[in-house]
Amino acid sequence: MIYADNAATTKLDLDAYELMIPFLLDEYGNASSQYSFAGFAKKAIINSRNSIASGINSDPDEIFFTSGGTESDNWAIKGSALIRKDKGKHIITSSIEHHAVLESCAFLEFLGFDITYLPVDKEGYVKPEVLKKSIRPETVLVSIMFANNEIGTIQKIKELTSVTHLNGSLFHCDAVQAVGHLPIDVKQLGIDLLSASAHKFNGPKGVGFLFIKKGTKVLNWASGGKQELGYRAGTENVAGIVGMAKALTNNIRDLQKNEDYLNKLTDEFVFRLSKYNVDFIINGGLHRLPGNVNLSFRNCEGEVLLHRLDLHKMFVSTGSACTSGKAMLSHVIQAIGTPGEYAYGTIRISFGKDNSRQDVILLAETIAKIVESLKK
Ligand code: PLP
């Protein structure tokens with residue numbers, strides 16, 4: 001098989017898997033318990049928090065474990081906006097955010113907040129000057145993603161946080177696609193809240209974290225016990241947390257090597273595909289997630305292409321995995337204004353470090369053949 005959908009999820013890191021096993025079998029003590037049997041789990045959580053914090057240059061007590069990207073986004077947006085509702089009820093986000101952000105904003109809209117959805121240019125960039133014009137004294141939160149999950153465009157985060165802070169507003173960043181793939185320094189970038197998800201960087205599914213800058217007020221997300229400083233109660237997913245920390249450490253160690261390799265793979269793929277007689281355009285900006293190639297084929301159906309590739313055991317996505325199944329243009333492809341005759345023929349390929357040169361050559365050839373046959 002050729003798995004080229006690493007933006008949807010990634011294969012578990014082997015070191016992470018091995019570190020997780022004891023916590024699933026023998027070391028099953030509840031980390032909140034007082035006796036020594038819980039000590040190993042407690043220590044593992046502390047170590048994991050430390051290594052995750054150093055991976056994004058935060059302090060350990062700024063890392064809060066969650067169930068993944070969706071929960072982190074919901075908590076960051078609802079928790080920071082609702083606690084500030086007396087200061088203002090205006091939120092700014094972009095039109096190409098993940099649904100976890102868009103739906104959290106829609107929920108707040110229902111509660112009386114006013115949401116501005118910033119447009120993006122045709123490469124998917126949010127312009128800092130457009131953000132500047134949209135900020136009002138009552139803007140309490142700006143939420144803009146680090147890198148887009150469909151087209152891979154990486155935003156100019158530092159410029160966006162600077163503009164946001166001029167007004168004293170908070171900046172939340174959905175960095176689910178970026179953590180473990182791009183260098184991230186929350187202090188240098190000026191990020192107040194940052195969402196991440198382990199399964200996007202070779203960690204296990206169902207675990208993630210929210211970075212909350214010290215001193216930033218947010219509502220507690222889950223009430224109950226004292227876990228996560230009382231902000232997110234619930235017995236910790238120790239194996240998940242340990243696996244996430246190890247996967248992140250390994251990915252950060254290999255960041256440059258992986259980026260160089262994935263850039264080579266995508267260049268080769270595009271080079272090969274362009275040798276065939278197929279009419280396509282590449283969506284997204286030049287500054288893109290490593291391994292991401294979002295393509296639109298003229299007069300073609302992305303869904304049909306995906307299913308034909310599936311027959312060859314080649315796995316790609318149309319738009320984002322979360323919206324596939326709905327026969328409609330993705331909101332991202334609409335926002336960047338991909339021309340109509342191409343837009344419906346969009347697929348997202350996201351290569352990972354386990355893909356080989358042979359994979360990209362074979363995938364390019366197979367796609368070209370299918371597109372050619374669909375024309376006939
Ligand atoms: N944000 C972005 C940008 C994503 O790509 C995803 C997953 O596709 C999420 C949030 C949701 O993350 P999770 O699958 O961990 O809930």
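Each ligand, and each atom within it, is numbered from 1 in the order the structure gives.
Relative to the ring axis of Tyr3, Lys11 does not place its NZ or CZ within 45° and under 6.0 Å from the centre.
Put simply, no part of Glu97 is less than 4.0 Å from ligand 1, judged by heavy atoms.
Inter-residue side-chain proximity for Ile45 and Arg49 is flagged as met; some heavy-atom pair is nearer than 4.5 Å.
In summary, the atoms of ligand 1 found under 4.0 Å from a heavy atom of Gly68, numbered by their order in the structure, are 15 (O). When each atom of ligand 1 is checked for a heavy atom of Asp73 under 4.0 Å away, the hits are 1 (N), 10 (C). Those atoms of ligand 1 with a heavy atom of Ser197 less than 4.0 angstrom away are 13 (P), 15 (O). Atoms of ligand 1 found under 4.0 Å from any heavy atom of Thr70, numbered from 1 in the order shown, are 11 (C), 12 (O), 13 (P), 16 (O).
Between the Asn30 side chain and the Ser32 main chain, a donor and an acceptor come within less than 3.5 Å of each other.
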Tell me, with the steps shown, if Lys133 and Glu129 meet salt bridge (Lys or Arg N to Asp or Glu O under 4.0 Å). CA-CA 6 Å; Lys133 279 194 198 131; Glu129 55 273 24; over 6 Å; no

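Ranked by closest heavy atom to atom 9 (C) of ligand 1, the top entry among Glu150, His98, His199, Met145 is His98.
For a threshold of 3.5 Å applied to N or O pairs, the pair formed by Gly69 and ligand 1 contains at least one separation below that value.
Between Val316 and Arg348, the closest heavy-atom pair is CB-O, 3.7 Å.
Aromatic ring orientation, Phe23 versus Phe40: parallel (interplanar angle below 30°, classes split at 30° and 60°).
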